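If you're wondering where the values come from, they're calculated on a predicted model, not measured in any experiment. Note on naming: letters A, B, ... go to the chains in the order of the sequence lines (proteins, then strands), and numbering restarts at 1 for each one.
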There are 2 protein chains.
Amino acid sequence: MKSVSRSKRATIYDVAAAARVSTATVSRYLRGYDRITAEKKKRIQQAIAALDFEPHPIARSLALPIKRTLGLLIMRGSRAYADLFLAEILSGVTRAASALELSLMISVPSASSEIPSVVERIRRVVDGSLLLDVSLGDQTVRKLAAGGHPILLVNQVHSRIPSVSIDNYLGGKTAAEYLVKLGHTRIACLAGDTSISRQRLDGYLSGLAEGGLRPAEVVGCAFDREKARRAFRKIIKRRKPPTALLVASDWMAVGVLEEARALGVEIPRDLSVIGFDDAIIAETTVPALTTIRQPLERLGAEAVETLWGFVTKTEKTPGSSRKRFSEKSLAPKLVVRQSTAPPQL
Amino acid sequence: MKSVSRSKRATIYDVAAAARVSTATVSRYLRGYDRITAEKKKRIQQAIAALDFEPHPIARSLALPIKRTLGLLIMRGSRAYADLFLAEILSGVTRAASALELSLMISVPSASSEIPSVVERIRRVVDGSLLLDVSLGDQTVRKLAAGGHPILLVNQVHSRIPSVSIDNYLGGKTAAEYLVKLGHTRIACLAGDTSISRQRLDGYLSGLAEGGLRPAEVVGCAFDREKARRAFRKIIKRRKPPTALLVASDWMAVGVLEEARALGVEIPRDLSVIGFDDAIIAETTVPALTTIRQPLERLGAEAVETLWGFVTKTEKTPGSSRKRFSEKSLAPKLVVRQSTAPPQL
DNA sequence: TCGGCATATGAAATCGGTTTCACGTTCAAA
DNA sequence: TTTGAACGTGAAACCGATTTCATATGCCGA
């Protein structure tokens, strides 16, 4: 609203001169130190308003130990990146960052082994980093841990690094319970090959167990549409095929749906299929996919808030309690669409 | 590889002391000034290596006029954001940024009217900003233009702001030409309601015209699956329905496919459908969608390179040629899948 | 009335670089 | 041999904040 931005803005020296005080006093005012004479305080306020002064963020970063900036590292081509996850997580991340008045520095390494060097490069510019959906090798973790740079894993877990993620176990359990509730008894699982899908599978098993069931079959394959398609072919050709199928991801479920159509298996009449993720395609498959929705927007927001908590806490407490380990997980939610139904009698 | 990062790193003063020269000389060396005695140069190099010195980016930003950082503004909920576009553009942006050794500061305003204030906030930290897929009001444009901050519109155009975008006209023309080549003569267009879809429509018309054809019908509707579905219902109920349909976006085409299935219209036998965007779902619709693929990865890379060009050019030439206007557009490409075929005889 | 303590404030140092300016050398031209 | 232009170099100023340290002032109780 003020003057339409001349190229050089007022500095704290200009303000100090205009208010007839020292820069120290102006700085104190800016930082909320309150024992300043009312008279001078008022002059400072007026000077700031008149000059349209705003502290230079770079100068401030140089002088202060914290920069109010977080790093955001996303693996090129990661699942989060490839699915629509990215947009949703990013939405939460940016919303929370903006609420806390934090800046975000983004970087997209192309291999997880690059991460330590990326962190090394940006650590003097950011207060901490979010690692989005990367799985880390031990070597990498060791370097990172040694760095003394606050790090938070998002949508991934590791035994030695704090994380915020989706409760995949609970999601799996929810999915299984739903099929049980529908009345299915011959339920197969199409599991993925990552640690995340292992958790989902454990959830499936526990959900089935609570209903007094054991899976008709458990098949593992790569987290991939084409592989899932082939794996499904085997499952459905059994003498007594299952009436319901728990699939570890929506993209894998898409493969299942395709193969089912090709084989003339009608869904959900002949087979109920439930996916996981609520990926962008879940709504538009034929039939639309019942799935487990991940609260990704909240995941992103939670991540920023948690990491910022680390940063400020570490700052205040230079003391001992170093490795206050933290692992938080959010509950996913069942989304019922058209790929599930009670079993045919 | 060096010492595993102690918390305080060496400064230029340490290097100067170790090399027995002044900081001025070290700085000259760092900045590539070459008239330094071989002897001292070597001592400096050794000192830098021994101390694992790296200039502090914040201190450097404070002293130098350029910061080697670009702002990346993405509208919350924009199309780029919601489709998978984001991931692909971002991939190009980050690849190019990393090649130029630039940092990226990301921000996600929730309305285009917020953009000037966001720019105002980050302008002292970045050298220029990429505006991803935002359409700007005149008010907003005026503020931005007055700011004297390098700005580049990505995937959008405006008469007063430089831009990099997709050649939607050419894409439309390519799509139309393909249908003509297949032998279709009764071709309808389902256009969107944005300026981008207007360009696509113009391309359709020109492609048809070159084949000596005029569209059987042109219907406009919102850029939305449900709306497209309804609009398509009207088109297909004509006495002489078209044998092919040009649809302004893949998501609209999804609506068309759904309605076609509901009405028993078989695609591509009864009707060829061609979308636009090559959105993530294009590959998984039934049948898979023939569409126009946008070179989004290249778009992102081109954007960074172009904006950086502005920044460095402006820096070197403080002179006159202020408004060197630039508008670049990239050619999209036809991707043939299963939703198109020659017309039934 | 005086010592002592809390309070308000400014001068100067600091963060970690870059660059100007001035000075002493060297080397070529006059 | 003198002149002076080009070169290498360091001291100090600068970028724009924050913070320490020291001082001046006011207020208290003795």
Side-chain angles (χ1 to χ4, degrees), chain A residues 6-45 47-48 51-69 103 121-127 315, chain B residues 6-44 47-48 51-69 103 121-127 315 318:
Chain A
R6 59 204 145 288
S7 74
K8 285 297 172 194
R9 291 195 61 171
T11 73
I12 201 174
Y13 291 92
D14 302 324
V15 173
R20 285 169 292 137
V21 295
S22 72
T23 60
T25 305
V26 177
S27 179
R28 287 186 188 108
Y29 169 77
L30 291 172
R31 315 255 8 209
Y33 178 92
D34 210 32
R35 289 185 306 201
I36 301 176
T37 326
E39 164 67 13
K40 294 194 176 165
K41 196 166 175 176
K42 198 172 152 200
R43 292 212 306 263
I44 292 175
Q45 288 168 335
I48 288 177
L51 296 169
D52 188 25
F53 168 78
E54 195 145 352
H56 196 303
I58 294 184
R60 198 169 242 192
S61 293
L62 186 58
L64 291 174
I66 72 174
K67 300 120 182 43
R68 300 201 77 89
T69 303
S103 298
R121 200 180 316 135
I122 67 170
R123 61 175 305 159
R124 295 161 98 172
V125 181
V126 303
D127 301 308
E315 210 51 43
Chain B
R6 61 204 147 286
S7 75
K8 286 297 171 193
R9 293 194 60 170
T11 72
I12 199 174
Y13 291 91
D14 301 327
V15 174
R20 284 169 292 135
V21 296
S22 72
T23 61
T25 305
V26 178
S27 179
R28 287 187 187 106
Y29 168 78
L30 291 172
R31 316 254 18 229
Y33 178 93
D34 211 30
R35 289 183 307 201
I36 301 175
T37 327
E39 165 66 12
K40 294 193 175 165
K41 195 166 176 176
K42 197 172 152 199
R43 292 211 307 261
I44 292 175
I48 288 177
L51 296 169
D52 187 25
F53 168 78
E54 194 146 352
H56 195 303
I58 294 186
R60 199 169 240 192
S61 291
L62 186 58
L64 291 173
I66 71 174
K67 298 120 184 42
R68 298 201 79 88
T69 303
S103 298
R121 197 180 319 135
I122 66 170
R123 62 175 305 159
R124 297 161 99 174
V125 181
V126 304
D127 301 307
E315 210 51 44

Student: Checking all strands, does A:Thr11 fall into the base, sugar-phosphate, or nothing category for heavy-atom contacts under 4.0 angstrom?
Tutor: sugar-phosphate

Student: Just call it for B:Arg124: base, sugar-phosphate, or nothing, with non-hydrogen atoms closer than 4.0 Å on any strand.
Tutor: nothing

Student: Measure the distance from NZ on A:Lys41 to C1' on C:dA8 and round it to the nearest whole Å.
Tutor: 13 Å

Student: Given atom NZ of B:Lys67 and atom P of C:dG17, what is their separation to the nearest angstrom?
Tutor: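 Answer to the nearest Å: 16 Å.
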
Student: It should be established whether B:Arg60 places a side-chain nitrogen or oxygen under 4.0 Å from OP1 or OP2 of nucleotide D:dC15.
Tutor: no

Student: Using side-chain heavy atoms (C-beta onward) and a distance below 4.5 Å, is A:Tyr29 in contact with A:Ile48?
Tutor: yes

Student: Apply side-chain contact (heavy atoms from CB on, under 4.5 Å) to the pair A:Leu30 and A:Ile44, showing each step before the final yes or no.
Tutor: CA-CA 10 Å; A:Leu30 291 172; A:Ile44 292 175; over 6 Å; no

Student: From the set D:dT18, C:dG16, C:dT19, return the single nucleotide nearest to any side-chain atom of B:Ala59.
Tutor: C:dG16

Student: Which is it for B:Ile36 and B:Arg28 under the side-chain contact (heavy atoms from CB on, under 4.5 Å) test, yes or no, and what are the steps along the way?
Tutor: CA-CA 8 Å; B:Ile36 301 175; B:Arg28 287 187 187 106; 4.3 Å; yes

Student: Taking any heavy-atom pair under 4.0 Å as a contact, classify A:Leu62: base, sugar-phosphate, or nothing.
Tutor: base

Student: Give the rounded distance in Å between these two atoms: CD1 of A:Ile58 and C1' of D:dT18.
Tutor: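 A:Ile58 atom CD1 is separated from D:dT18 atom C1' by 16 Å.
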
Student: Stepwise, does the side-chain contact (heavy atoms from CB on, under 4.5 Å) test hold for B:Val26 with B:Tyr13?
Tutor: CA-CA 9 Å; B:Val26 178; B:Tyr13 291 91; over 6 Å; no

Student: Counting any heavy atom closer than 4.0 Å, what does B:Glu54 reach on the DNA or RNA strands: base, sugar-phosphate only, or nothing?
Tutor: sugar-phosphate

Student: Need one value for A:Phe53: base, sugar-phosphate or nothing, where a base atom within 4.0 Å counts as base even if backbone is also close, heavy atoms only.
Tutor: sugar-phosphate

Student: Whole Å only: how far is the CG atom of B:Leu64 from the P atom of C:dT20?
Tutor: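 Going from CG in B:Leu64 over to P in C:dT20 covers 11 Å.
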
Student: Run the salt bridge (Lys or Arg N to Asp or Glu O under 4.0 Å) test against B:Arg43 and tell me which residues pass, sequence neighbours left out.
Tutor: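 If we apply the salt bridge (Lys or Arg N to Asp or Glu O under 4.0 Å) test to B:Arg43, skipping adjacent residues, the hits are B:Glu39.
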
Student: Can you check nucleotides 22-26 of chain D for protein contacts, nitrogen or oxygen pairs under 3.5 Å, and list what you find?
Tutor:
none

Student: So, are A:Asp34 and A:Lys41 salt-bridged, with charged N and O less than 4.0 Å apart?
Tutor: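 Between A:Lys41 and A:Asp34 there is a salt bridge, with a charged N closer than 4.0 Å to a carboxylate O.
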
Student: Using a cutoff of under 3.5 Å, can you pull out all pairs of nitrogen or oxygen atoms linking the protein to nucleotides 9-13 of chain C, with atom names and distances?
Tutor:
{"residue": "C:dT9", "atom": "OP1", "partner": "A:Thr37", "partner atom": "OG1", "Å": "2.3"}
{"residue": "C:dT9", "atom": "OP1", "partner": "A:Lys40", "partner atom": "NZ", "Å": "3.0"}
{"residue": "C:dT9", "atom": "OP2", "partner": "A:Thr37", "partner atom": "N", "Å": "3.1"}
{"residue": "C:dT9", "atom": "OP2", "partner": "A:Thr37", "partner atom": "OG1", "Å": "3.1"}
{"residue": "C:dG10", "atom": "OP2", "partner": "A:Ser22", "partner atom": "N", "Å": "2.9"}
{"residue": "C:dG10", "atom": "OP2", "partner": "A:Ser22", "partner atom": "OG", "Å": "3.1"}
{"residue": "C:dG10", "atom": "OP2", "partner": "A:Thr25", "partner atom": "OG1", "Å": "2.7"}
{"residue": "C:dG10", "atom": "O6", "partner": "A:Arg28", "partner atom": "NH2", "Å": "2.6"}

Student: Could B:Arg9 and B:Asp52 be called an ion pair, given the rule that one side-chain N must be under 4.0 Å from one carboxylate O?
Tutor: yes

Student: Are B:Tyr33 and B:Arg35 linked by a side-chain donor-acceptor pair shorter than 3.5 Å?
Tutor: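 B:Arg35 and B:Tyr33 do have a side-chain donor-acceptor pair below 3.5 Å.
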
Student: What is the separation between atom CG on A:Asp14 and atom C1' on D:dA17, rounded to the nearest whole Å?
Tutor: 13 Å

Student: To the nearest Å, how far apart are A:Lys42 NZ and C:dA8 P?
Tutor: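 About 19 Å, once rounded to whole Å.
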
Student: Before giving the answer on side-chain contact (heavy atoms from CB on, under 4.5 Å), spell out for B:Ile12 and B:Ser27 the whole-Å C-alpha distance, their side-chain angles and the decisive distance to 0.1 Å.
Tutor: CA-CA 8 Å; B:Ile12 199 174; B:Ser27 179; 4.0 Å; yes

Student: So do the side chains of A:Glu54 and B:Arg124 get within less than 4.5 Å of each other, counting heavy atoms only?
Tutor: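 SC-SC contact between A:Glu54 and B:Arg124 confirmed.
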
Student: Report the distance from atom NE2 of A:His56 to atom C1' of C:dG17, rounded to the nearest whole Å.
Tutor: 14 Å

Student: Round to a whole Å and report the spacing from CG of B:Asp34 to C1' of D:dC7.
Tutor: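 After rounding, the reported distance stands at 13 Å.
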
